[in-house]
Amino acid sequence: MLRGLATLALGGLLAACQVVPKTAGPPPPPPSGGETIEPGLPTDTDRHRVALLVPETGTNADVGTAIANATTMALLDTKTEKLRITTYDTALGAAAAARQAVADGNKLILGPLLSEDVAAVAPIARAAKVPVLSFSNDSAVAGNGVFIMGFVPGQSVERVVAYARSKGHMRFGALVPKNVYGDRSVAAFRAAVKQAGGTLVAVESYDRSATALSGAARRLANAGEMDAVLIADVGGNAIRAVPVLRDAGDKQILGTELWNTDASLGTSPAMRGAWFASVSDGLYGQLATKYRQRYGKAPYRLASLGYDSVLLTVRIARDWKPGTNFPVTRLLASDGFGGIDGIFRFDNQGIAIRALEVSEVGAGGFRVIDPAPTKW
């Protein structure tokens, strides 16, 4: 369905509008005993009211705007008339945005983006029995009514380690930054090596400085014999570390989903032949092209999460009666959901488990060497 994304049409925008005719004189007085005007948005009995919580101002405004634009594209592409999405700016206060969204009668929250905003929104949404479908990748905030759609680093690590082991690599090392991403990557790496039947030789960590990175890479290179090394960091730091790692002998370099959008990797001869796991970019390329045509610039990679959250909601909305609580159990469907980023499904903790592909870095870019599964 997604390979032929629908053409955007003005009619799609007009479908949700109502034309108010002009009158020749002042409006008639309201009938006595009329309806009491309640605060918030007007009642909508034909469509599901869904809140989108993203930053529209401040530091992350561009990312939030890209996600919001992608949700608009998804509404138009699916031609749905069952959803009414209202955007709330989390940069003005995520808790305040959530309270307003609940007061306005929204039965589902898409977003927010940042994990600290999810933590602020969750208790408010939970008290109102409104589930949260967040764009965060922080598994610590998932559960108890909160579902996260972000790309969890541990899944990328598990996928690339399993692939490396299937190709005969046995002895593993890792180079990771001293931050939350690094900590979670290391935990996933240890578990993945053990699960694959490999041997963990050494792990070295570093703070974000060129000197610390080089020192950690040198220590790892001399830590013992290993045939595969994971670098759980952005492409630029990987490019700096790999020559040092390979001074002590050739090694298979492994990366994470952070490399997915870094075209500079292909320009480094040292990086050629490295492997990393990420979501598929095939359909995202189509989305990015349409986005540029509509908005005049490239989207942020996370825009796909906004698009896919709408696809998911549209699917569930087929059997969801407007005005009633969102059917949370439908999110746990064993066959999962499909979208721009491929297939995914939520586990019991509310974390999106994704089907990932493995790619190889080459001189001309990336080449898929082990495709993502297309069904569970």
Side-chain angles (χ1 to χ4, degrees), residues 2 5-9 12-13 16 50-78 80 83-94 97-98 101 106 108-118 121 132-138 141 147-153 156 181 234-235 257-264 278-314 337-342 344 352 354:
L2 290 172
L5 295 177
T7 302
L8 303 182
L13 291 172
V50 177
L52 174 66
L53 271 60
V54 290
E56 293 185 293
T57 56
T59 305
N60 297 301
D62 288 346
V63 181
T65 298
I67 292 174
N69 289 342
T71 62
T72 297
M73 291 175 64
L75 288 173
L76 294 169
D77 288 347
T78 58
T80 183
L83 301 184
R84 177 172 182 166
I85 297 181
T86 305
T87 305
Y88 300 82
D89 186 2
T90 54
L92 302 178
N106 292 283
L108 173 67
I109 291 176
L110 306 181
L113 174 63
L114 304 178
S115 60
E116 56 265 34
D117 287 347
V118 179
V121 166
V132 174
L133 198 57
S134 169
F135 307 129
S136 170
N137 68 345
D138 186 354
V141 299
F147 297 78
I148 62 170
M149 292 188 65
F151 310 131
V152 178
S156 174
Y181 185 90
V234 296
E257 82 291 342
L258 293 179
W259 296 4
N260 178 274
T261 58
D262 195 337
S264 68
S278 69
V279 295
S280 173
D281 261 353
L283 291 177
Y284 176 75
Q286 296 181 38
L287 174 66
T289 297
K290 289 187 67 176
Y291 188 102
R292 282 191 294 269
Q293 292 170 349
R294 182 172 180 82
Y295 297 106
K297 57 183 177 180
Y300 281 80
R301 185 62 181 83
L302 293 180
S304 63
L305 299 181
Y307 193 101
D308 285 355
S309 70
V310 173
L311 293 188
L312 178 159
T313 307
V314 168
F337 306 91
I340 295 295
D341 294 318
F344 65 97
R354 296 185 173 276

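In this text, all values refer to a predicted model and were calculated from it rather than measured experimentally.
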Check: So, for S156 and E257, which heavy atoms are closest and what is the spacing to 0.1 Å?
Finding: OG-N, 3.1 Å

Margin query: How close do P153 and Y181 get, counting heavy atoms only, and between which atoms?
Written below: CB-CE1, 3.2 Å

Item checked: Euclidean distance, I85 CD1 relative to T71 OG1, rounded to 0.5 Å -> 5.0 Å

Notebook entry, point to check: Is the Lys NZ or Arg CZ of R354 less than 6.0 Å from the centre of F151's six-membered ring, within 45° of the axis?
Noted result: no

Checklist line | Which atom of N137 lies closest to which atom of V152, heavy atoms considered | finding: O-CG2, 3.9 Å

Notebook entry, point to check: When L110 is tested against each of L133, I67, T87 for side-chain contact (heavy atoms from CB on, under 4.5 Å), which residue passes?
Noted result: L133

Notebook entry, point to check: Any side-chain heavy atom of V54 within less than 4.5 Å of one from F135?
Noted result: yes

Margin query: Return the CG to OG1 distance between D77 and T72, rounded to the nearest 0.5 Å.
Written below: 10.5 Å

Checklist line | Pairwise side-chain contact, L302 with M149, heavy-atom cut-off 4.5 Å (strictly under) | finding: no

Check: Would you say the side chain of Q286 lies within less than 4.5 Å of the side chain of T289, judging by non-hydrogen atoms?
Finding: no

Checklist line | Closest heavy-atom pair and its distance - L283, G339 | finding: CD1-O, 3.7 Å

Next item on the list: Assess whether side-chain contact (heavy atoms from CB on, under 4.5 Å) is satisfied between D62 and Y300, documenting all intermediate values.
Entry: CA-CA 8 Å; D62 288 346; Y300 281 80; 3.5 Å; yes

Notebook entry, point to check: Taking all atoms of both residues into account, what is the closest heavy-atom pair of P55 and N60, and its distance?
Noted result: CG-O, 3.4 Å

Notebook entry, point to check: side-chain contact (heavy atoms from CB on, under 4.5 Å) between T78 and L311: does it pass, once the steps are laid out?
Noted result: CA-CA 8 Å; T78 58; L311 293 188; 3.5 Å; yes

Next item on the list: Determine the minimum heavy-atom distance between V118 and S134, stating which atoms define it.
Entry: CG2-OG, 3.2 Å

Item checked: Name of the residue among L312, V314, D308 meeting side-chain contact (heavy atoms from CB on, under 4.5 Å) with V310 -> V314

